[in-house]
> 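I have a structure I would like to understand better, so I am pasting it below and will then ask my questions one at a time.
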Amino acid sequence: MNVYDVLKERGYIAQATHEEEIRALLANEKVSFYIGFDPTADSLHVGHFLGMMVMAHMQRAGHRPICLIGGGTGTVGDPSGRTDMRQMLTDDIIEHNCNCFKKQLQRFIEFDEGKALMVNNGDWLRKLNYIEMLRDIGPHFSVNRMLAAECYKQRLEKGLTFLEFNYMIMQAYDFMELNRRYNCKMEMGGDDQWSNIIAGVELLRRKYETPAYGLTFTLLTTSEGKKMGKTAKGALWLDPSKTSPYEFYQYWRNVNDSDVKNCLSLLTFLPMEEVIRLSSLENEQINEAKKVLAYEITKIVHGEEEAAKAQEAAKALFSGQGVLDNAPSLKISAEMLGSRLLDLLVEAKVFASKGEAKRIIQQSGLSLNNEKISDIDRLLTSADFSDGFCMLKKGKKKHYRLTLSNN
RNA sequence: GGGUAGGUGCCCGAGUGGUUAAAGGGAACAGACUGUAAAUCUGUCACCGCGAGGUUACGAUGGUUCGAAUCCAUCCCUGCCCA
């Protein structure tokens, strides 16, 4: 089966510059294609993960992914679809973030034997000569056309700086450079990148009359159209120290019924028949599908062992069976015993402030060893511990396994 | 550079001297109902305090006033129009 059809069947594809030609191209030759990742944070998140899934499908089909790290474009910041300007990052932060991205990408894409490439656009963008660059590619861009691009729509109302306006040109330049260096023929990206992608495709076609293609994939949104992968704390990160495998697992375990199918087909490698079977389960049966979904994604992102641990912990916490060893834990210093539970939990960042803690306790949202705490002055004592731990529950779903430490 | 409209809590947005920790909406959080779902309903939603109360907050800094998010000055930032 042609990868194009695989991608289409699984619901990845949003827009393509030349649908039939791309289909034929992917069927007939091994194609080098690229996806760019701008180093806006020190970890990739679920949005990036979707792109990596696309890369993985393409790689499995024999094509060559080029992961482009935006060490150059990251200095400018992509205004696409945004209402405000991105915070300008310092060179040090950008470099650090690039390194973090590199490490994470290596976990998902197979780089051995030239099966994939990882390059940084800082290598060429940062040493460009302004006049030369302008004269080289400037004539191929129409400002009128650029201004009409969908990606600037929001910003034309709120204000767009020249710095950011140039982002599109830099991205187009990247495609040209990758085409020259690695014979890269196609650029892929999230659908919000469509304008930037056609800019590159058109540049190559105009300037060199080279065939170039662009393909965008669906953005990961809920059935209500909201962005997926947002947690109370912010993004759902792929870095286990920023979002623990358990939290990660729980996120997917709790998606809406109506999003199960989409998530299964986009974020796991399960065969489509299985995706369809699971997502057509009804009522509480669909929980089975959610368990599979959570397990599968966690497995891809954090490995089988972590996925199993997360699943085990969830089972112990929510069904009361199995071992609690892998439940999210919290160490309490032994010498703090006898203090107010509330103070300890604020100290441990379970609550953002004492006010919040009190409120939750007053709303009966906190329980210790399955008993609701109603007294805000409740002390935590050794009597609460058995077998060296006690279980704390905040709200309906947040569990902590408290253990004692000696320092 | 000139004119003009603005900068309010996580976001949007009302408020133009005192009863305003600041309407309303959204998000979020807790509870009920459930399937670790959705929808719905109820409550909460700056910080400290058991409480009375206190502290900090409406772009920044200074000032007027018994009292300012609201008035004045200077500065910074943004939109629009003109050059």
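All values below were derived from every heavy atom in this structure, side-chain atoms included, with hydrogens, water molecules and symmetry-related copies excluded.
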> Considering only A37(B), G49(B), A32(B), which nucleotide approaches the side chain of Arg340(A) most closely?
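The listed nucleotide nearest to Arg340(A)'s side chain is G49(B).
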
> Can you find a side chain N or O atom of Lys394(A) that sits less than 4.0 Å from OP1 or OP2 on A30(B)?
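Checking A30(B) against Lys394(A), no side-chain N or O comes under 4.0 Å of OP1 or OP2.
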
> Are the side chains of Val46(A) and Tyr251(A) in touch, meaning some heavy atoms are under 4.5 Å apart?
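Counting from C-beta outward, Val46(A) and Tyr251(A) never come under 4.5 Å.
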
> Can you tell me how far P of C77(B) sits from CG of Leu163(A), to the nearest Å?
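The answer, rounded to whole Å, is 16 Å.
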
> Rounded to the Å, how far apart are Lys393(A) NZ and U36(B) C1'?
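One finds 10 Å between C1' of U36(B) and NZ of Lys393(A), rounded.
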
> Need to verify one output field. Residue with the more 5' nearest nucleotide on RNA chain B, Glu282(A) or Thr161(A)?
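Nearest nucleotide further toward 5': that of Glu282(A).
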
> Of the nucleotides A37(B), U36(B), G49(B), which has the atom closest to the Lys354(A) side chain?
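Of all the options, the side chain of Lys354(A) is nearest to G49(B).
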
> Could you state the CG-C1' distance from Leu342(A) to C50(B), rounded to the nearest angstrom?
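To the nearest whole Å, that distance equals 12 Å.
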
> Taking the same atom, C1', in G7(B) and in C45(B), what whole-Å distance lies between them?
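Between the two C1' atoms, the distance is 24 Å.
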
> Looking for any heavy atom pair under 4.0 Å, which part of the strands does Asn283(A) touch: base, sugar-phosphate only, or nothing?
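Base contact - Asn283(A) has a heavy atom under 4.0 Å of at least one base atom.
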
> Are Asp384(A) and Arg378(A) close enough for a salt bridge, meaning some N to O gap below 4.0 Å?
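Looking at Arg378(A) together with Asp384(A), the answer is yes, because their closest N to O distance falls below 4.0 Å.
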
> Lys358(A) side chain: which of A38(B), G49(B), G35(B) is closest?
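Selected nucleotide (nearest to the side chain): G49(B).
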
> Which nucleotide, in any strand shown, forms a Watson-Crick or G-U wobble pair with G1(B), with both distances under 3.5 Å?
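Across any shown strand, G1(B) pairs with C82(B).
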
> When rounded to the nearest Å, what value does the distance between P atoms of C82(B) and U20(B) take?
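About 44 Å, rounded to a whole number of Å.
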
> For U74(B), what is the paired nucleotide under Watson-Crick or G-U wobble rules, both distances under 3.5 Å?
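Base-paired to A60(B).
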
> Is any N or O donor-acceptor pair between the side chain of Gln363(A) and the base of G43(B) shorter than 3.5 Å?
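Such a pair is found, so the answer is yes.
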
> Decide yes or no for Phe165(A) and Pro79(A): does some side-chain heavy atom of the first lie under 4.5 Å from some side-chain heavy atom of the second?
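With C-beta onward as the side chain, the pair stays apart.
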
> Round to a whole Å and report the spacing from CD of Glu284(A) to P of U34(B).
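Taking CD of Glu284(A) and P of U34(B), I get 12 Å after rounding.
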
> Say we look at G63(B) and U70(B): how far apart would their P atoms be, to the nearest angstrom?
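Looking at atom P only, G63(B) and U70(B) are 15 Å apart.
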
> Please measure how far the C1' atom in G25(B) lies from the corresponding atom in A14(B), and state the result in whole Å.
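Each nucleotide's C1' atom is 11 Å from the other's.
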
> For Lys291(A) and U36(B), is the shortest distance between a side-chain N/O and OP1 or OP2 below 4.0 Å?
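For U36(B), neither OP1 nor OP2 has a side-chain N or O of Lys291(A) closer than 4.0 Å.
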
> Check this one for me: any side-chain N or O of Ser353(A) less than 4.0 Å away from OP1 or OP2 of C48(B)?
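Looking at the OP1 and OP2 atoms of C48(B), one of them is under 4.0 Å from a side-chain N or O of Ser353(A).
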
> Tell me yes or no: between the side chains of Arg180(A) and Tyr208(A), is some donor less than 3.5 Å from an acceptor?
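There is such a pair (donor and acceptor under 3.5 Å, judged by atom type) between the side chains of Arg180(A) and Tyr208(A).
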
> Name the residue closer to the 5' end of RNA chain B, choosing between Gln362(A) and Ser319(A) according to the nucleotide with the nearest heavy atom.
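This one resolves to Ser319(A).
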
> In whole Å, what separates the P atom of A27(B) from that of C81(B)?
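Looking at atom P only, A27(B) and C81(B) are 35 Å apart.
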
> What's the CD1-P distance between Ile361(A) and C50(B), to the nearest Å?
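Rounded to the whole Å, the gap is 12 Å.
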
> Have Tyr295(A) and Gln311(A) got a donor and an acceptor in their side chains that come within less than 3.5 Å?
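No, because no side-chain N or O of Tyr295(A) sits under 3.5 Å from a partner of the opposite role on Gln311(A).
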
> What does Ile286(A) touch in the nucleic acid at a heavy-atom separation under 4.0 angstrom: a base, only the sugar-phosphate, or nothing?
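If one applies the 4.0 Å heavy-atom cut-off, Ile286(A) turns out to touch a base.
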
> Hey, does the side chain of Lys398(A) come within less than 4.0 Å of A30(B)'s phosphate (OP1/OP2), counting only N and O?
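Yes, such a contact exists.
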
> Name the nucleic acid region contacted by Val260(A), choosing base, sugar-phosphate or nothing; use a 4.0 angstrom heavy-atom cut-off, strictly under.
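Contact class for Val260(A): none.
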
> Taking any strand in view, what nucleotide pairs with G35(B) in a Watson-Crick or G-U wobble way, both distances under 3.5 Å?
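Check on G35(B): unpaired, no WC or wobble geometry under 3.5 Å.
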
> Any base atoms under 4.0 Å from Lys396(A), or only sugar-phosphate, or nothing? Heavy atoms, all strands.
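If one applies the 4.0 Å heavy-atom cut-off, Lys396(A) turns out to touch a base.
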
> Which part of the nucleic acid does Lys290(A) contact within heavy-atom distance under 4.0 Å: base, sugar-phosphate only, or nothing?
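Base contact.
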
> Of all the nucleotides listed (C50(B), A37(B), G31(B)), which has the minimum atom distance to the side chain of Ser364(A)?
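Selected nucleotide: G31(B).
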
> Using a distance-only test with no angle check, is there a side-chain donor-acceptor pair under 3.5 angstrom linking Ser353(A) and Glu356(A)?
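No donor-acceptor contact under 3.5 Å links the two side chains.
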
> Could you check which nucleotide pairs with U20(B) in any of the strands shown, counting Watson-Crick or G-U wobble with both distances under 3.5 Å?
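U20(B) is paired with nothing.
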
> Rounded to the Å, how far apart are Gln285(A) CD and U34(B) P?
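Whole-Å distance recorded here is 18 Å.
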
> Can you tell me the distance, in whole Å, between the CD atom of Glu164(A) and the P atom of U78(B)?
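From Glu164(A) CD to U78(B) P: 11 Å.
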
> Is there a Watson-Crick or G-U wobble partner for C45(B) with both distances under 3.5 Å, and if so, which one is it?
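Result: none.
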
> Mind calculating the distance between CZ (Arg155(A)) and P (G79(B)) to the nearest angstrom?
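These atoms are roughly 9 Å apart.
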
> Under a 3.5 Å threshold, yes or no: a donor from one side chain and an acceptor from the other, between Asp191(A) and Gln15(A)?
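Yes - a donor-acceptor pair under 3.5 Å links their side chains.
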
> Is the closest side-chain heavy-atom distance between Met133(A) and Tyr173(A) below 4.5 Å?
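Answer yes - side chains close enough.
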
> Using a 4.0 Å heavy-atom cut-off, does Glu356(A) contact any base of the nucleic acid, only the sugar-phosphate backbone, or nothing at all?
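Result for Glu356(A) = nothing.
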
> Using the C1' atoms only, state how far G13(B) lies from A23(B), rounded to an integer number of Å.
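Their C1' atoms lie roughly 10 Å apart.
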
> It should be established whether Lys397(A) places a side-chain nitrogen or oxygen under 4.0 Å from OP1 or OP2 of nucleotide A37(B).
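Answer is yes, contact under 4.0 Å.
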
